[in-house]
Amino acid sequence: MRGRELSAVAGRIAVLSYCFVAGALVWGQGGLKPVPIPRPPMGWSSWNSFSNTVDEQIVMEQARTMAANGMQKAGYSYINIDEGWWLGERDAQGNIVVDPKQWPALAPNEHAGDMSNIVRFIHGLGLKAGIYTDAGTAGCSMYPDLGPKYFHAGSEGHYDQDFLQFAKWGFDYVKVDWCGGDKEKLDPAVQYAEIARAIARAEAITGHHLYFSICEWGKNSPWTWAPNIGGSPADIWRTSGDIVAPIVAGHEHADRKASFAKVLSNFDEGIHPEAEHTGYYNDPDMMVLGMPGLTEEQNRLHMALWAMSGAPLIVGADLTKLTHAELADLTNPAVLSIDQDPTGLQAVKVAEPSPGLEVWSKPLAESGKRAVLLLNRTNSAASIPVHWPDLGLANSLPTVKDAWTGEHLQAAGDGYTATVAPGDGVLLLLSGAELPMTRYLPNKPARKSLAPGSVVPDHRVQFVNVHAREAMSRIQIAYSNPDPKPRFAELQVNGEVITRIAFPFTGRTGAGYVWIQSMLKPGGPANILTFSTDCAPGPVIRSISVQ
Ligand code: GLA
């Protein structure tokens, strides 16, 4: 055999023996712990309030305010610079050229036009810095808004160079928009996968992690491919259009206004619970809480909707203008803990007793705990009941609290009913007894097998006869991953690909569990769940428990 053929065979053998080793591991029972996963990011972005007029003074002022007004203490950390920071110029080597007047030096030893100056300033406050680009050649600055139009402010053709530059400047977060990609009719799944790989290369070179935010507005259903691009998932992906409409030319000084109808429709479009798990999140857009256009009640409900959604909490208001009430909404510890719950699951609508009266439930990490939103979308006050079994809880008189105030509320043995004002919502925290979960062991233990006619080992774990009480079921997956980096597996339910799941490190010899939610056929025991790892080193999946 020639050298190249020999090494190909050796490679296959290596892959096969790896699969064998991974599959042959036997795990003891008991004592499993939840595996920590990334929480939704919390921060501020320049776009909603400052559009493309952003500059160093604005960013410094917002960062100082976040550090001083209690937001940083409550968990907000990102200061994200959106479109308008770069005017689309490159030097002869293709490097981004930054306007020195917009980004002057902040200290005698610094150079104007070097974005690491502002990053150092942000880091100096103990905060993290975010930057922005587009997947196409042009960015969204080719469209009019508060400032002038700029062309060529996209990264296409320079992915490696730009993401390396962002990492070298010290940014911690990058949002990648889709205006240029859309105009060129590119395939977002392909472009964002290339970007994910460019980010991975930049991280390998600099040792600096870039949080990856996809901004494709839900046009091409990113929740179906974003959990599976470029060998790893994107961290968050936008699910809808902009929550604040662009300012039309000729009205340059108009206030950027929020509308509650858009808050509600972005919330609705952001609900894809099957894709929100293991630290990756649907993104219904930056918040408009605190911007002109919303009432106090609407601000509070906006916060409740984002918390129930497990959404990134990226505030778009001018932080220097927040009222006391708005700051209190943004920093309420119980409401923040709903958003940041370590389970990382999204709320599901569990009942709609009549049109426009909705019961939403978000499972929380502690056994028997739920966040519940009773949402009245109608124009008149209404009673909205919630029944415990709809939440997966037993009829055993759970404790019910108002999430905002902590006040204890009087519940009955089978449920709780609140009167909800028109267009408002009541946010509850419940603590009760879980309905039982059923545990399933794999049909076949995880092991290597060779698909007929294939040289690629087929590495799957299958669970059969899986019974579901509700269509949207909560599933706990017990596994182990001895690799400090997450490993991944694709989930198919009854033959259909549902999502790709990250399985973070469980310790060299340990095991743990993560949660997902999935649509199963309720009633009969007909469901088949298949996890495949296509023999890239995958997790060892040992059991699933379904409620
Ligand atoms: C798009 C995005 C917004 C913002 C603007 C900047 O519209 O969806 O979030 O980044 O571009 O132009």
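Atoms within a ligand are numbered from 1 in the order they appear, just like the ligands themselves. Predicted model only: the values in this text are computed from it and were never measured.
Residue nearest to atom 10 (O) of ligand 1, selected from D285, D82, N80: D82 (by heavy-atom distance).
Nearest protein heavy-atom neighbour of atom 3 (C) of ligand 1: D242 OD2, 3.4 Å. Of all protein heavy atoms, the one lying nearest to atom 6 (C) of ligand 1 is E83 OE1, 3.0 Å. Of all protein heavy atoms, the one lying nearest to atom 9 (O) of ligand 1 is K175 NZ, 2.8 Å.
Close contacts between ligand 1 and C215 involve ligand atoms 2 (C), 8 (O) [criterion: under 4.0 Å to a heavy atom]. The ligand atoms of ligand 1 that sit less than 4.0 angstrom from a heavy atom of D177 are 1 (C), 2 (C), 4 (C), 5 (C), 10 (O), 11 (O).
Y159 pairs with exactly one of R197, E194, Q191 by the side-chain hydrogen bond (donor to acceptor under 3.5 Å, both in side chains) rule, that one being Q191.
The pair K175-D283 does not meet the salt-bridge criterion, since no charged nitrogen lies less than 4.0 angstrom from a carboxylate oxygen. Salt-bridge check for R90 with D162: passed, with a basic side-chain N closer than 4.0 Å to an acidic carboxylate O.
Here the closest non-hydrogen pair linking L374 and V372 is CD2-CG1, 3.9 Å.
Under the 30°/60° scheme for interplanar angles, the aromatic rings of Y192 and F212 are found to be tilted.
Neither the backbone nor the side chain of N52 has any atom closer than 4.0 Å to an atom of ligand 1 (non-hydrogen atoms only).
Polar contact with ligand 1: absent for S141 (N/O pair, distance under 3.5 Å). In terms of polar-atom proximity, defined here as any N/O pair under 3.5 Å, R238 does make such a contact with ligand 1.
Considering only heavy atoms from C-beta on, I81 stays 4.5 Å or farther from Y132 through its side chain.
Taking the six-membered ring for Trp and the full ring otherwise, the centers of F267 and W360 sit less than 6.0 Å from each other.
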